[in-house]
Amino acid sequence: MTSEERKIIKDLTKCDFKEMHAYFMKKSEERKNWTKEQKQELKKENEKILEQYGYCLMDGHKQRVGNFKIEPPGLFRGRGDHPKMGKLKKRIMPEGVIINIGKDAKVPEAPEGHKWQKVTHDNKVSWLACWVENIQGSYKYVMLNPTSRLKGEKDWQKYETARKLKDCVKKIRGDYEQDWKSKEMRLRQRGVALYFIDKLALRAGHEKDEETADTVGCCSLRFEHIKLHSEWEDKENVVEFDFLGKDSVRYWNFVPVEKKVFKNLGLFMKGKQPGDDLFDRLTTTSLNKYLSELMDGLTAKVFRTYNASMTLQDQLSKLTEPEENVNAKVLSYNRANRAVAILCNHQRSVPKTFDKSMTNLQNKIAEKKKAIKEAKKEVKELKTQVKGSNDDKLKKQFEKKKAQVQRLQDQLFKLEVTATDKEENKEIALGTSKLNYLDPRITVAWCKKHEVPVEKVYNKTQREKFAWALDMAEKDFVF
DNA sequence: GATGAAACTTAGCATTTCTATT
DNA sequence: AATAGAAATGCTAAGTTTCATC
């Protein structure tokens, strides 16, 4: 609103937005009712746009660009209780866009009547274009698609760093346990924080300003975010975490900890009140500085990658039964993936259609069971008929029916596995960990060992993204 | 040490596309 | 061929990390 409008409108709850809402509902309804031809036409248009703007040439190789469309104007929502919710996100004009391109490359033309803010040739960064967004004043970048060589190499590097941590994690753990009894408060706090980051896969948690939603990570935990329970459900020294993390997703967990950790936390909280930092002597910068001294490339987030991938490997070996069929094995894989998602607190809201699709699935299962019952009955009948005759045709029919029963039973098993998987996955998101935390070489090696086609666990895009790991499938890789 | 710019990864949800079923 | 439901993809916000400057 303008300042004039703000004088008139002071309480949004007194505004009636029904007309606006109806307008957009109508728009979306209209779009839904487009004819097949119109939809085809739109699809073609989009393909043309992708062809023209969706690729770039990097070191002579054609690469897919990730986000080549400028973000359109609109109302900023933000996640959680965001102080800037509802602000107008302005349209970006070419005059606000910087182009980063090879020295000798042809610079794309700005839209007619406009100029780019600047054209640079910085080959030390990966972005192709950038602009400053008006809500937070932060930079937005046009970068390459995850399937690109550049991103793939970066991804591989990330997992190599995590693998390196494996060799020194024992020492690091020993060190931070020592720090729990240090004379210096700073070191005690660092020791406990690092223990949380390692054990619970918490994010680093840097300080944020008042202009963003109030969320925290490990280093920014405050007094009110934990509660100490000397006893809780027959366990001792339990820490209750309750805070909003990235994207305002709630982290709520009861964790039994070592006595020394428990006592230290009591110490850190002494004399403090809600609003005070739990780790007042610790910042992400100092923590990362310390970590980088322990191992080249080590930062707080490496622990998340490391523990996620280790959990996957560990759970895969525990859950996979070599004698089971492919569907059962895929369920085991998903369960291992799920263990990681739970560790990393990757939640999702229950899909709107969850109950309905669950019911549908149950109906299918019931139908299948009925079909099996009937087929079995027919098998039985045929069996008695076959016994009393020498009819080859009848015998063939009998064998065929038996095969059908087997097929139906396989289908039933698959449905039941799907239902179990779906139910267990109701409020858990697997995608994030699969895409960002799990070393694909573990997955690929598991597929090979257990004769599960890679397609069962990675879709097309994922296979493209992890092409570098799939290529290594010939070698037996152990994390 | 504090602060902010810069560049990159990670995140959940809405929309779009695909697939199976009728 | 139409349609519903599932799966894939797009979108862009929200993190982490590093580096420069005071």
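It should be emphasised that the depicted structure is a prediction, and the values quoted were computed from it without experimental measurement. Residue numbers begin at 1 in each chain, while the letters A, B, ... track the order of the sequences.
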When the distance from [atom1] of [X] to [atom2] of [N] is rounded to whole Å, what number comes out?
{"X": "A:L287", "N": "C:dT18", "atom1": "CG", "atom2": "P", "value": "11 Å"}
{"X": "A:H206", "N": "B:dG4", "atom1": "NE2", "atom2": "C1'", "value": "11 Å"}
{"X": "A:M85", "N": "C:dA13", "atom1": "CE", "atom2": "P", "value": "15 Å"}
{"X": "A:K124", "N": "B:dC8", "atom1": "NZ", "atom2": "C1'", "value": "17 Å"}
{"X": "A:L244", "N": "B:dA11", "atom1": "CG", "atom2": "P", "value": "16 Å"}
{"X": "A:Y159", "N": "B:dT9", "atom1": "OH", "atom2": "P", "value": "12 Å"}
{"X": "A:I98", "N": "B:dA5", "atom1": "CD1", "atom2": "P", "value": "14 Å"}
{"X": "A:Q40", "N": "C:dA2", "atom1": "CD", "atom2": "P", "value": "12 Å"}

Reckon [X] touches a base, only the sugar-phosphate, or nothing at all at heavy-atom distances under 4.0 Å?
{"X": "A:A300", "result": "sugar-phosphate"}
{"X": "A:P351", "result": "nothing"}
{"X": "A:G217", "result": "nothing"}
{"X": "A:G431", "result": "nothing"}
{"X": "A:R463", "result": "nothing"}
{"X": "A:K434", "result": "nothing"}

For [N], does either OP1 or OP2 sit under 4.0 Å from a side-chain N or O belonging to [X]?
{"X": "A:K301", "N": "B:dT10", "answer": "yes"}
{"X": "A:R304", "N": "B:dA11", "answer": "yes"}
{"X": "A:K151", "N": "B:dT9", "answer": "yes"}
{"X": "A:H82", "N": "C:dA14", "answer": "yes"}
{"X": "A:N288", "N": "C:dT17", "answer": "yes"}
{"X": "A:T212", "N": "C:dA14", "answer": "no"}

Measure from the side-chain heavy atoms of [X] and tell me the nearest of [options].
{"X": "A:A204", "options": "B:dC8, C:dT17, B:dA2", "result": "C:dT17"}
{"X": "A:K69", "options": "C:dA13, B:dT9, C:dC11", "result": "C:dC11"}
{"X": "A:K140", "options": "C:dA14, C:dT12, B:dA11", "result": "C:dT12"}
{"X": "A:Y141", "options": "B:dA7, C:dC11, B:dT10", "result": "B:dA7"}
{"X": "A:S126", "options": "B:dC8, C:dA13, B:dT10", "result": "B:dC8"}

| said: As a quick check of understanding, evaluate ring-ring contact (aromatic ring centres under 6.0 Å, His included) for A:F76 and A:H82, giving each step before the final call. | reply: CA-CA 10 Å; A:F76 178 83; A:H82 203 295; 5.0 Å; yes

| Position toward the 5' end of DNA chain B (nearest nucleotide), A:K465 or A:T285 |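 Closer to the 5' end of DNA chain B: A:T285.
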
| request: Let me know, please, whether A:C344 or A:M143 comes out on the 5' side of the other along DNA chain B by nearest nucleotide. | output: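 By nearest-heavy-atom nucleotide position, the 5'-most residue is A:M143.
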
| request: Return yes if some donor-acceptor pair links the side-chain N/O of A:D81 with the main-chain N/O of A:A213 below 3.5 Å, else return no. | output: no

| message | Please determine whether side chain to side chain contact (heavy atoms under 4.5 Å, CB included) holds for the pair A:K140 and A:I92, giving the CA-CA distance in whole Å, both sets of side-chain angles, and the decisive distance to 0.1 Å. | response | CA-CA 11 Å; A:K140 296 274 188 165; A:I92 310 298; over 6 Å; no

| field | salt bridge (charged side-chain N to carboxylate O under 4.0 Å, His left out) between A:K158 and A:D155, intermediate numbers included | value | CA-CA 5 Å; A:K158 175 180 76 186; A:D155 211 35; 3.2 Å; yes

| task | Go through the steps for A:S126 and A:K154 under the test side-chain hydrogen bond (donor to acceptor under 3.5 Å, both in side chains), then give the verdict. | result | CA-CA 11 Å; A:S126 77; A:K154 230 24 211 325; over 6 Å; no

| said: If we check side chain to side chain contact (heavy atoms under 4.5 Å, CB included) with A:S220, which of these qualifies: A:E207, A:H206, A:K208, A:R203? | reply: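 Only one option passes, and that is A:E207.
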
Between protein and nucleotides 4-8 of chain C, what N or O pairs are separated by less than 3.5 Å?
| unit_1 | atom_1 | unit_2 | atom_2 | d |
| --- | --- | --- | --- | --- |
| C:dG5 | OP2 | A:K356 | NZ | 2.9 |

| field | Contact nearer the 5' end of DNA chain C, comparing A:N145 with A:L298 | value | A:N145

| Which comes earlier along DNA chain C counting from the 5' end, the contact point of A:E71 or that of A:T215, where each point is its nearest nucleotide? | A:E71

| So, A:E211 and A:K84, do they make that salt bridge, N to O below 4.0 Å? | yes

| A:N334 side chain reached by A:N425 side chain, heavy atoms, under 4.5 Å | no

| query | Any side-chain heavy-atom pair from A:N325 and A:D410 closer than 4.5 angstrom? | reply |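 No. Closest side-chain heavy atoms not under 4.5 Å.
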
| field | By salt bridge (Lys or Arg N to Asp or Glu O under 4.0 Å) - contacts of A:K44 (at least two apart) | value | none

| Between A:H346 and A:Y437, does the ring centroid distance fall short of 6.0 Å? | yes

| Aromatic ring pairing A:W127/A:Y141, orientation class (parallel under 30°, perpendicular over 60°, tilted between) | tilted

| field | Protein-to-nucleotide contact annotation, 5' to 3' order, nucleotides 12-22 of chain B [B base; S sugar-phosphate only; - none; under 4.0 Å, heavy atom] | value | BSS-S-S----

